[in-house]
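Below you'll find the structure, written out as structure tokens, and then a few comments.
Values in this document were obtained by computation on a predicted structure and should not be read as measured data. These numbers come from the heavy atoms of this one structure, side chains and all, not from hydrogens, waters or symmetry mates. Labels below follow one simple rule: chain letters A, B, ... track the order of the sequence lines, proteins then strands, and each chain is numbered from 1.
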Amino acid sequence: MAALGVCRGILKEIRIAKGSGYKHTLIYKYVLEQFRRNQVTGAQLCRAQVEALHAAQSYLCLLSSTRLHLHLHLRYHSPRADVRIDQAAGLVGLRLPKQPGGKGWET
Amino acid sequence: MLRNICRYHRQFGLVIWPFPQGHHVPRLSTHLQKAKYASAITERKKFYENVSISQVDGGLFEINLDKRKLKTPGGKLFTVPNEALAIAVATEWDVQKETLKFYTMHLTTLCNTALDNPTQRTKEQMISAALKFLETDTICYRVEEPPGLVELQTNEWEPVMNWIEQRYNVVIGSSSNIMGPQIPEETKETFRQHLHSYNFWSLTGLEYVITQLKSLILSLGLIDRHLSVEQAVLLSRLEEEYQIQSWGNVEWAHDYDMYELQARTAAGAMFVHLSSESTAVKRKILRD
């Protein structure tokens with residue numbers, strides 16, 4: 001069931017973001033409550049259920065994309081990254097070219 | 001106008017505008033306020049432990065960082081109309097580690113824009129801008145070669161075009177010349193009326209999504225839940241994906257851009273949905 005996958009995905013993201021004690025956050029309780037609420041429905045094609053599932057998928061996308069974007073940012077585009085890349089180039093005896101810097105070179 | 005908003009959101013992920021010296025600036029009462037958005041470039045240290053939300057009269061929700069209430073860059077009290085959005089914003093603040101990275105807090109940025117409205121946009125202006133965007137919509141612009149890309153565009157973009165033409169009963173069409181498609185007036189009128197039904201907050205979010213995806217059609221497809229966020233982003237980046245298939249993927253550029261686009265679009269879509277919905281629980285009594 002798609003909903004189960006999405007629910008677990010969101011909870012996993014929350015756990016990664018918060019560390020221990022994630023079960024006591026507002027967002028954890030809210031997500032679980034929402035998923036439980038939309039489980040029972042009398043209609044066969046419940047519009048609210050479809051809408052809630054789409055919203056859940058969007059939120060999962062939001063959480064995972066921000067995390068991965070931040071990860072890549074720190075890896076490649078932050079000042080720390082320059083140091084790392086310098087060291088990597090140094091391993092094979094190369095040096096990075098000097099960039100002019102200043103306006104337009106902010107990451 | 002849309003380009004300005006794009007630059008706005010892209011630059012620092014946070015709505016800031018510098019107050020020039022000598023102007024009458026509303027006195028920001030707390031050190032917290034001045035310090036929070038003091039500099040656009042340096043990151044701030046995390047100055048709170050707990051994040052919570054509280055409800056006030058009028059059904060609005062506020063965010064509390066420790067004991068202090070969150071405020072917008074413009075100095076207004078940060079209030080959101082529903083609980084789900086409040087919890088999501090609180091989570092964004094909650095997951096920050098030692099430094100505050102404002103460029104990851106997309107929902108907060110959107111709320112700030114909606115609350116402060118720094119560029120003084122009206123609903124009319126936003127709707128006109130969105131309709132203007134239709135003339136340069138990504139989906140409407142087809143290439144004639146290379147054949148692989150032509151085929152990809154036909155297979156992926158045509159269904160979306162058909163869907164939206166059917167759903168809204170309009171004629172849009174696509175073109176492969178530099179002039180672009182000729183959008184008939186009735187189409188614009190239909191969309192104008194549809195967009196009028198959204199409130200100001202939802203329109204702010206929708207404008208944001210349109211600028212990110214560079215397409216009104218894809219944005220409407222996403223908001224109407226015909227497409228998921230990942231699908232909409234993929235369709236928006238179709239040509240890039242095609243080039244990646246030919247030439248390979250570069251993580252620090254392609255993936256970086258894709259994740260950023262996905263994050264922003266997802267935030268925008270969530271913002272629109274949360275600002276325009278209202279939940280109600282109907283209990284049915286089961287009879288034996």
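Chain B forms more heavy-atom pairs under 4.5 Å with one residue of Ala81(A), Ala17(A), Cys61(A), Ser64(A) than with any other, namely Cys61(A). The choice from Thr91(B), Val95(B), Ile53(B), Asn50(B) that makes the most heavy-atom pairs within less than 4.5 Å of chain A is Thr91(B). When each of Glu251(B), Lys101(B), Glu92(B) is scored by its heavy-atom pairs under 4.5 Å with chain A, the top score falls to Glu251(B). Among Arg67(A), Arg75(A), Glu51(A), the residue making the largest number of heavy-atom pairs under 4.5 Å with chain B is Glu51(A).
Looking at Leu53(A), there are no atoms closer than 4.5 Å to chain B (heavy atoms on both sides), in backbone or side chain. Interface remark: Leu261(B) contributes no atoms to any contact with chain A (heavy atom separation under 4.5 Å). Only the side chain of Leu70(A) comes within contact range of chain B, judged by heavy atoms closer than 4.5 Å. Heavy atoms of Asp94(B) lying under 4.5 Å from chain A belong to its backbone as well as its side chain.
To the nearest 0.5 Å, the span separating CZ on Arg225(B) from CD on Gln57(A) amounts to 11.0 Å. How far OG of Ser58(A) is from CD of Gln262(B): 11.0 Å, rounded to the nearest 0.5 Å.
His54(A) contributes no side-chain N or O that, together with a main-chain N or O of His226(B), makes up a donor-acceptor pair within less than 3.5 Å. Between the His77(A) side chain and the Trp252(B) main chain, a donor and an acceptor come within less than 3.5 Å of each other.
Below 30°, between 30° and 60°, or above 60°: for Tyr256(B) and His73(A) the angle between ring planes is below 30°, a parallel geometry.
Nearest heavy atom pair, residue Thr104(B) against residue Thr66(A), reads O-CG2, 3.7 Å. When all heavy atoms of Ala55(A) and Met270(B) are compared, the pair lying nearest together is O-CE, 4.1 Å. For the pair Ser65(A) and Ala263(B), the tightest heavy-atom approach, listed with the atom from each and the gap, is CB-N, 3.6 Å.
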- His71(A) vs Tyr259(B), ring-ring contact (aromatic ring centres under 6.0 Å, His included): CA-CA, chis, key distance, verdict: CA-CA 10 Å; His71(A) 172 74; Tyr259(B) 287 131; 9.3 Å; no
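For Asn162(B), the CG atom counts as densely surrounded, since its 6.0 Å shell holds more than 12 non-hydrogen atoms of other residues, nucleotides or ligands. Counted within 6.0 Å of CD on Glu33(A), heavy atoms from surrounding residues, nucleotides or ligands total more than 12; the atom is thus considered enclosed. Counted within 6.0 Å of CZ on Arg167(B), heavy atoms from surrounding residues, nucleotides or ligands total more than 12; the atom is thus considered enclosed. Under a cut-off of 6.0 angstrom, the local environment of NZ in Lys23(A) is sparse, with at most 12 non-hydrogen atoms contributed by other residues, nucleotides or ligands.
At a cut-off of 3.5 Å, with distance as the only test, no side-chain donor of Glu83(B) or Tyr30(A) sits close to an acceptor on the other residue.
Applying side-chain contact (heavy atoms from CB on, under 4.5 Å) to Ile87(B) and the options Leu26(A), Thr25(A), Val31(A) leaves one that passes, Leu26(A).
Within the 4.5 Å cutoff, side-chain heavy atoms of Leu62(A) are placed close to those of Leu107(B).
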